[in-house]
Engineer: 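Structure incoming, see below.
Letters A, B, ... are given to chains in the order of the sequence lines, protein chains preceding strands, and every chain is numbered from 1.
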There are 2 protein chains.
Amino acid sequence: MKLSTKGRYAVTAMMDLAIHDPLGPVTLADISQCQGISLSYLEQLFAKLRKDGLVEGVRGPGGGYRLGRPASQISIAEIIKAVDENIDVTRCLGNKDCHGGEKCLTHQLWEDLSTRLYDFLDNLTLASFIQRPEIREVSHRQDTIANRIATMFPPRAMLSARMAAA
Amino acid sequence: MKLSTKGRYAVTAMMDLAIHDPLGPVTLADISQCQGISLSYLEQLFAKLRKDGLVEGVRGPGGGYRLGRPASQISIAEIIKAVDENIDVTRCLGNKDCHGGEKCLTHQLWEDLSTRLYDFLDNLTLASFIQRPEIREVSHRQDTIANRIATMFPPRAMLSARMAAA
DNA sequence: TAGAATGCCTACTTAATTAGTAGGAATAAA
DNA sequence: TTTATTCCTACTAATTAAGTAGGCATTCTA
């Protein structure tokens, strides 16, 4: 289990998707602009998220990315694992005889900690974050505005409006 | 909250100290050999741990490092914070107007997650790991051997014996 | 059917961080 | 006084994160 900026980018981008889910697909250009992450770097992260089925892409105008599953079925641990893919390799690999012939003790202890941490993050779902009342409120307001625009203009114009608002 | 190899090194080294606490100070040379981390890199990590009062150094022959406080009063979060010192700076810093004038939502959500994670790791103490029965057993066996040697030889010889065993 | 907006893919480059190397001064035990 | 250690600083190498560039594939809209 590793936790770096990369993981944070992935998690916050997924939160963005979750918040705007009812609006349809969110473009990476949107996320790139909102969160100040380079578009191409996001593409690289989303390639991994897609590979793990956490998101699905919709091509063409009006496209973007959607959650691959309901937010309640996506855990934070899964997101981080998808982009980090780096399995926690300890040096001794559990077979180095250290401390007088015993299997490396600290390795075991770290595994233990790593597991506890993973379990913790695996029990936190995207939904548990976006369901906070103040988030729902803001999100709803945004949706209302966006839907009003959507009613007045065809899809292309709505996207432009969202870009302008961001 | 960041979690990288650096943090793992620090945590496992601290676990080593905790396990061998009754034996007196543990040298960095020992840890370096047992865990395959370069001595000088360990010195750099321990400089930070010392700055935060998590360990105390004992100079001269027979010296090494000891826990700065009882293992039950040292949390995993503290150890990681000590070596990472990198405060999780998000790009928008909470003041970038994004999502149509609202304070960056995902920033808030990440903060929320970050806090939950910190609290989780702050409630895990070093002691909670080394008190597992199988660890106590191994640790006790090691201590027994070490103490037997210590009875037979003066401190210098004991250290060498520990090195040889490792 | 043409053009534009998107995802999707690959290769490369730059920046940041992690990890290691080197050398030496300070301290304390033997 | 010698030796084992912490303690300190500066530098370098390796690895990873992040960004850049360019182009192909798909699908919507006009």
Engineer: If I take atom NZ in residue Lys48(B) and atom P in nucleotide dT6(D), what distance separates them, rounded to the nearest angstrom?
Structural biologist: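 Lys48(B) atom NZ is separated from dT6(D) atom P by 18 Å.
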
Engineer: Rounding to an integer number of Å, can you tell me how far Glu56(B) CD sits from dC7(D) P?
Structural biologist: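 Atom-to-atom, Glu56(B) to dC7(D), this comes out as 10 Å.
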
Engineer: Among dC8(C), dT18(C), dA19(C), find the nucleotide with the atom closest to the side chain of Thr5(B).
Structural biologist: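 Looking only at heavy atoms from C-beta outward on Thr5(B), the closest nucleotide is dA19(C).
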
Engineer: Side-chain N or O of Lys2(A) versus OP1/OP2 of dA17(D): is the shortest distance under 4.0 Å?
Structural biologist: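 It does, given that an N or O in the side chain of Lys2(A) lies less than 4.0 Å from OP1 or OP2 of dA17(D).
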
Engineer: Using whole Å, report how far CG of Leu45(B) lies from P of dT6(D).
Structural biologist: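 The distance from CG of Leu45(B) to P of dT6(D) comes to 14 Å, rounded to the nearest Å.
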
Engineer: Under 4.0 Å between any heavy atoms, over every strand shown, what does Phe46(A) touch: base, sugar-phosphate, or nothing? Just pick one.
Structural biologist: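 Touches nothing.
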
Engineer: Between dT17(C) atom P and Gln44(B) atom CD, what is the distance in whole Å?
Structural biologist: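 Result: 15 Å.
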
Engineer: Does a side-chain N or O of Tyr9(A) approach OP1 or OP2 of dA17(D) to a distance below 4.0 Å, or not?
Structural biologist: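 Tyr9(A) to dA17(D) OP1/OP2: no side-chain N or O under 4.0 Å.
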
Engineer: Starting at CD of Glu43(A) and ending at P of dA17(D), how long is that distance when rounded to a whole Å?
Structural biologist: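 Computing the Glu43(A):CD to dA17(D):P distance gives 18 Å.
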
Engineer: Could you tell me whether Leu28(A) contacts a base, only the sugar-phosphate backbone, or nothing, with contacts defined as non-hydrogen atoms closer than 4.0 Å?
Structural biologist: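 Here Leu28(A) touches the backbone only, sparing every base.
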
Engineer: Figure out the OH/P separation between Tyr41(A) and dA15(C), and round it to whole Å.
Structural biologist: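 After rounding, the reported distance stands at 16 Å.
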
Engineer: Take the protein atom CG of Leu39(B) and the nucleotide atom C1' of dG20(C), then report the distance between them rounded to whole Å.
Structural biologist: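 It is 11 Å, rounded to the nearest whole Å.
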
Engineer: Donor-acceptor pair, Thr12(B) side chain versus Arg8(B) backbone, under 3.5 Å?
Structural biologist: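 It does hold such a pair.
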
Engineer: Of the listed nucleotides (dG19(D), dC7(D), dT26(D)), which one gets closest to any side-chain atom of Ser38(A)?
Structural biologist: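 Between dG19(D), dC7(D), dT26(D), the one nearest the side chain of Ser38(A) would be dG19(D).
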
Engineer: So does Ser40(B) reach the base of dA19(C) with its side chain, donor to acceptor, closer than 3.5 Å?
Structural biologist: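 Donor-acceptor pair under 3.5 Å: no.
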
Engineer: In whole angstrom, give the distance that lies between atom NZ of Lys6(A) and atom P of dG19(D).
Structural biologist: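 Spelled out: NZ on Lys6(A) to P on dG19(D) is 12 Å.
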
Engineer: Can you give each donor-acceptor pair under 3.5 Å made by side-chain atoms of residues 64-74 of chain A, sequence neighbours left out, with the distance rounded to 0.1 Å?
Structural biologist:
{"unit_1": "Arg66(A)", "atom_1": "NH1", "unit_2": "Glu56(A)", "atom_2": "OE2", "d": "2.9"}
{"unit_1": "Arg69(A)", "atom_1": "NH1", "unit_2": "Gln73(A)", "atom_2": "O", "d": "2.6"}
{"unit_1": "Arg69(A)", "atom_1": "NH1", "unit_2": "Glu78(A)", "atom_2": "OE2", "d": "3.3"}
{"unit_1": "Arg69(A)", "atom_1": "NH2", "unit_2": "Glu78(A)", "atom_2": "OE2", "d": "3.1"}

Engineer: Salt-bridge test for Arg116(A) and Asp112(A): reply yes if a basic N is under 4.0 Å from a carboxylate O, no otherwise.
Structural biologist: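 The answer is yes: the pair qualifies as a salt bridge.
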
Engineer: Looking only at the side chains, is there a donor atom on one of Asp122(A) and Ser75(A) sitting less than 3.5 Å from an acceptor on the other?
Structural biologist: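 Distance-only check passes for Asp122(A) and Ser75(A).
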
Engineer: Would you indicate, yes or no, if dC8(D) has its OP1 or OP2 atom less than 4.0 angstrom from a side-chain nitrogen or oxygen of Arg50(B)?
Structural biologist: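 For Arg50(B), the contact criterion (side-chain N or O under 4.0 Å from OP1 or OP2 of dC8(D)) is met.
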
Engineer: Closer to the 5' end of DNA chain D via nearest nucleotide, is it Arg59(A) or Gly7(A)?
Structural biologist: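 Counting from the 5' end, the first nearest nucleotide belongs to Gly7(A).
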
Engineer: Does a side-chain N or O of Thr27(B) approach OP1 or OP2 of dT6(D) to a distance below 4.0 Å, or not?
Structural biologist: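 For dT6(D), neither OP1 nor OP2 has a side-chain N or O of Thr27(B) closer than 4.0 Å.
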
Engineer: For the CG atom of Leu23(A) and the CG atom of Leu17(A), what is their distance to the nearest 0.5 Å?
Structural biologist: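 Separation between the atoms: 11.0 Å.
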
